[in-house]
**Q** 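Take a look at the following structure, please.
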There are 2 protein chains.
Amino acid sequence: MTQAERSLQLTNALRDAGVRITRQRAALLEVLSVADDHPDAIELHRRAEIASPGISLSTVYRTLTALEEQGVIHRHQFEGASARFEHANADHHDHMIDVETGEVVEFCSERIEKLQAELAKELGYEIVHHRMELYVRKTQN
Amino acid sequence: MTQAERSLQLTNALRDAGVRITRQRAALLEVLSVADDHPDAIELHRRAEIASPGISLSTVYRTLTALEEQGVIHRHQFEGASARFEHANADHHDHMIDVETGEVVEFCSERIEKLQAELAKELGYEIVHHRMELYVRKTQN
DNA sequence: TTTCATGCAAACGATTTGCAGGGGT
DNA sequence: ACCCCTGCAAATCGTTTGCATGAAA
């Protein structure tokens with residue numbers, strides 16, 4: 001499936017869910033699908049203005065909330081920073097945040113996930129979702 | 001060592017670090033050392049008012065920041081909630097948050113910690129600190 | 001043509017801060 | 001005495017919301 005097909009499929013699904021695809025929303029969807037980093041609302045606003053000049057910050061926030069509710073994007077609240085977003089089409093993963101640069105690296109560990117589930121079960125719980133963030137620094141040499 | 005001795009030792013250490021022990025701070029330290037839950041600033045303010053009537057919320061916030069800087073307490077930013085605090089005299093642990101009740105359960109896994117360190121190392125990082133939160137629900141039956 | 005979405009400005013809630021007076025040490 | 005700490009009120013910052021207008025469907 002090409003990128004254009006995937007994009008069309010997504011907008012159709014959103015329309016079916018009652019989410020109107022306006023110029024502003026199309027711009028944000030494009031910006032999000034292209035992004036390979038984890039931008040915050042302000043940065044997304046900046047990027048969306050290129051395709052949709054005059055788009056307001058409230059629209060950005062409202063759209064991000066709507067897309068999150070539809071499961072199209074994920075919202076992350078890293079320490080001491082405003083919320084950062086990413087497209088949800090990748091597999092589940094967790095994050096390492098470079099404390100010097102703010103750069104985010106994705107990683108995944110089946111083994112950790114399994115241990116988490118076991119620990120929860122032992123205490124009589126099931127996991128609804130989890131958050132695991134490693135605040136890291138580049139090792140010398 | 002008795003509780004009273006531990007408390008005296010702590011206030012002496014704080015004084016040595018240049019942190020004056022005022023009536024308000026003593027009240028907060030007492031409230032924090034007695035708490036077996038993870039209260040937020042508003043709740044701590046409420047509790048501190050018993051020992052120190054009229055204590056202001058700003059003083060609570062300022063003191064919490066100071067105590068955190070001294071390593072006396074830990075600050076947790078769980079999802080969709082204001083910061084919650086706990087005394088730092090226990091061993092390292094992570095948290096499960098019951099999404100229905102907001103109740104917090106502490107847990108610890110050497111194995112997970114080890115895996116985290118390995119994963120970071122593989123990517124050329126060392127862990128400064130981490131955050132692992134399991135948002136859970138009581139299992140039926 | 002009926003909603004739902006937008007832009008603007010104002011509201012929000014948690015937390016921080018400037019200032020003048022008070023209290024540890 | 002010195003200067004840090006307090007209470008108050010106002011400021012901050014990211015985010016949300018009320019409202020009148022505009023545009024998907």
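Quick note on labels: first sequence line is chain A, next is B, and so on, each numbered from 1.
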**Q** Rounding to a whole Å, what distance do you find between B:His45:NE2 and C:dA14:P?
**A** 14 Å

**Q** So what does A:Thr22 touch, heavy atoms closer than 4.0 Å: a base, only the sugar-phosphate, or nothing?
**A** sugar-phosphate

**Q** Nearest of D:dC5, C:dT15, C:dT6 to any side-chain atom of A:Arg62?
**A** C:dT6

**Q** Answer with yes or no after comparing the ring centroid distance for B:His92 and B:His130 against a 6.0 Å cut-off, counting only values under it.
**A** yes

**Q** Grab the CG-C1' distance between A:Leu67 and D:dT15 for me, whole Å please.
**A** 16 Å

**Q** Heavy atoms from C-beta onward define the side chain here; which of D:dC5, C:dT25, D:dT16 lies closest to that of B:Arg25?
**A** D:dC5

**Q** Heavy atoms from C-beta onward define the side chain here; which of C:dT15, D:dG7, C:dT25 lies closest to that of B:Arg15?
**A** C:dT25

**Q** Could you check whether the side chain of A:Arg20 and the base of C:dT3 have a donor-acceptor pair of N or O atoms closer than 3.5 Å, going by distance alone?
**A** yes

**Q** Reading DNA chain D from 5' onward, which residue's closest nucleotide shows up sooner: A:Arg84 or B:Ser52?
**A** B:Ser52

**Q** In whole Å, what is the span from the CD1 atom of B:Ile55 to the C1' atom of C:dG23?
**A** 15 Å

**Q** Classify the side chain of B:Arg23 versus the base of C:dG24 as yes if they form a donor-acceptor pair under 3.5 Å and no if they do not.
**A** no

**Q** In whole angstrom, give the distance that lies between atom CZ of A:Phe85 and atom C1' of D:dG14.
**A** 10 Å

**Q** With a 4.0 Å limit, can you tell me whether B:Gln77 has a side-chain N or O closer than that to the phosphate oxygens OP1/OP2 of C:dA14?
**A** no

**Q** Which comes earlier along DNA chain C counting from the 5' end, the contact point of A:Gly18 or that of B:Ser82, where each point is its nearest nucleotide?
**A** A:Gly18

**Q** Please determine whether the number of non-hydrogen atoms from other residues, nucleotides or ligands lying under 6.0 Å from atom CZ of B:Arg111 exceeds 12.
**A** no

**Q** Taking atom CZ as the centre, does A:Arg6 end up with more than 12 heavy-atom neighbours from other residues, nucleotides or ligands that are less than 6.0 angstrom away?
**A** yes

**Q** Using OP1 and OP2 only, check whether a side-chain N or O of B:Tyr61 sits under 4.0 Å from C:dT16.
**A** no

**Q** Can you measure A:Gln24 atom CD to C:dC4 atom P for me and round it to whole angstrom units?
**A** 17 Å

**Q** Give the rounded distance in Å between these two atoms: CG of B:Leu57 and C1' of D:dT6.
**A** 13 Å

**Q** Got a donor-acceptor contact below 3.5 angstrom from the B:Ser33 side chain to the B:Glu30 backbone?
**A** yes

**Q** Checking all strands, does B:Ile42 fall into the base, sugar-phosphate, or nothing category for heavy-atom contacts under 4.0 angstrom?
**A** nothing

**Q** For the pair made of CD in B:Glu69 and P in C:dT16, what is the distance, rounded to whole Å?
**A** 10 Å

**Q** Can you measure A:Leu44 atom CG to D:dT15 atom P for me and round it to whole angstrom units?
**A** 11 Å

**Q** Measure up the B:His93 and B:His95 rings against each other and bin them: parallel (under 30°), tilted (30 to 60°), perpendicular (over 60°).
**A** perpendicular

